[in-house]
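Remember, it's a predicted structure, so these values are computed and weren't measured experimentally.
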Amino acid sequence: MPPDSLVVAAPVVLVAYVVFGMTGFGAAMVAVPVLVQFMPLQFAVPLVVLFDLACTALVGGSNWRRVSLVELKRLFPWLLLGIGLGVTLLHNAGARWPLILLGSFVLAVCIKGLRGARAKTAAPLNTFWALPFGVFGGIFSALFGTGGPIYTIYLSRRLDALDQFRATISVVILASGLIRAAAFGAAGLYAQPEILFAAAVLLPVALIGLYGGSRLRTRVSPELLKRAIFLLLAIAGAGAIYRGWVSPS
């Protein structure tokens, strides 16, 4: 990996994990659409997964006794299927349509977020929805590292207790990262000679961002934070669409 690419990637990773430290999610949605402007999708996604594992392990796990095992059992078989499909697509797909899909998904999340969350009185989802949310969450997690919002939609409509929801989504994201890392390794994506070097260089940057975001979390207006994050995501999503559009099929 050229040194100039590492220099450009460092501030991207820093900002992404400041966002993660402030919100507990969203690092991949900020980082991946920007990183793919100057590195292959097949390099950027496995790289960010390594950072996600380290950061999620540091901040998660404190309330695991409150995890909903029932919902985990519903989601995980379909999540595994989705990750398998996503890793296959990531390993074999060309650049254009995955990048356009990534950008479109990020923009859709921005629009939904800026319009506001659903009312808390919304009816719980039927358990059938574990299948599509699990499969598509796994596919987006493997392809782009961005499955968190999909799992969040499902679990927020299944679990009323906030502590239980937070504990369960933390376990889902951490377990998803472990499974993706193992799948990427089996697919040979970590055989790329530069990826572990880049991870070693950039991991301290991600941890600094995580620390900074954790400190800033109580000092920034939630509404301002929300709008700033969605603005970052919208720019990143539009950039990914442009990159995919100009890439060869």
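Take Leu107 and apply the side-chain contact (heavy atoms from CB on, under 4.5 Å) test, not counting sequence neighbours, and it matches Ala234, Ile241. Looking at residues two or more places apart in sequence or on another chain, you find a side chain to side chain donor-acceptor pair (under 3.5 Å) between Ser176 and Arg180. Under the side-chain contact (heavy atoms from CB on, under 4.5 Å) criterion, Ser214 pairs with Leu210, sequence neighbours left out. Taking the ring pair (Phe, Tyr, Trp, His ring centres under 6.0 Å) definition, one finds that Tyr151 meets it with nothing, sequence neighbours left out. Annotation: side chain to side chain donor-acceptor pair (under 3.5 Å) contacts of Tyr190 (sequence neighbours excluded): none.
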Could you go through residues 6-16 and list every donor-acceptor pair under 3.5 Å that involves a side-chain atom there, pairing it with any protein atom two or more places apart or in another chain?
none

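Note: the hydrophobic cluster containing Leu196 also contains Leu35 (ILVMFWY, side chain heavy atoms under 4.5 Å, direct or indirect links). Criterion: ILVMFWY side-chain heavy atoms under 4.5 Å apart, direct or through other members. Under it, Leu159 and Val70 are not part of a common hydrophobic cluster. In this structure, Tyr211 is not a member of the same hydrophobic cluster as Leu216, with clusters built from ILVMFWY side-chain heavy atoms closer than 4.5 Å. Note: the hydrophobic cluster containing Leu58 also contains Phe20 (ILVMFWY, side chain heavy atoms under 4.5 Å, direct or indirect links).
Proximity of Leu79 to Phe136: side-chain heavy atoms (C-beta onward) are nowhere separated by under 4.5 Å. Two residues are said to be in side-chain contact when any heavy atoms from C-beta on lie closer than 4.5 Å; Arg158 and Arg74 meet this criterion. Residues Leu41 and Phe144 have side chains in contact (heavy-atom distance under 4.5 Å, counting atoms from C-beta outward). Residues Tyr154 and Glu71 are in side-chain contact: their nearest non-hydrogen atoms beyond the backbone lie under 4.5 Å apart.
Going from atom OG1 of Thr56 over to atom CG of Leu178 covers 9.0 Å, rounded to the nearest 0.5 Å.
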Legend entry - Criterion side chain to side chain contact (heavy atoms under 4.5 Å, CB included) on Leu81 and Ile139, from CA distance to verdict: CA-CA 8 Å; Leu81 174 60; Ile139 290 172; over 6 Å; no
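Nearest approach of Ala199 to Leu50, heavy atoms of both residues: CB-CD1, 3.7 Å. In terms of heavy atoms, Met22 sits closest to Gly213 at CG-O, 3.1 Å.
In terms of modelled atom types and a separation under 3.5 Å, the side chain of Ser68 and the main chain of Thr168 share no donor-acceptor contact. The backbone N or O of Gln42 lies less than 3.5 Å from a partner atom in the side chain of Gln192, making a donor-acceptor pair.
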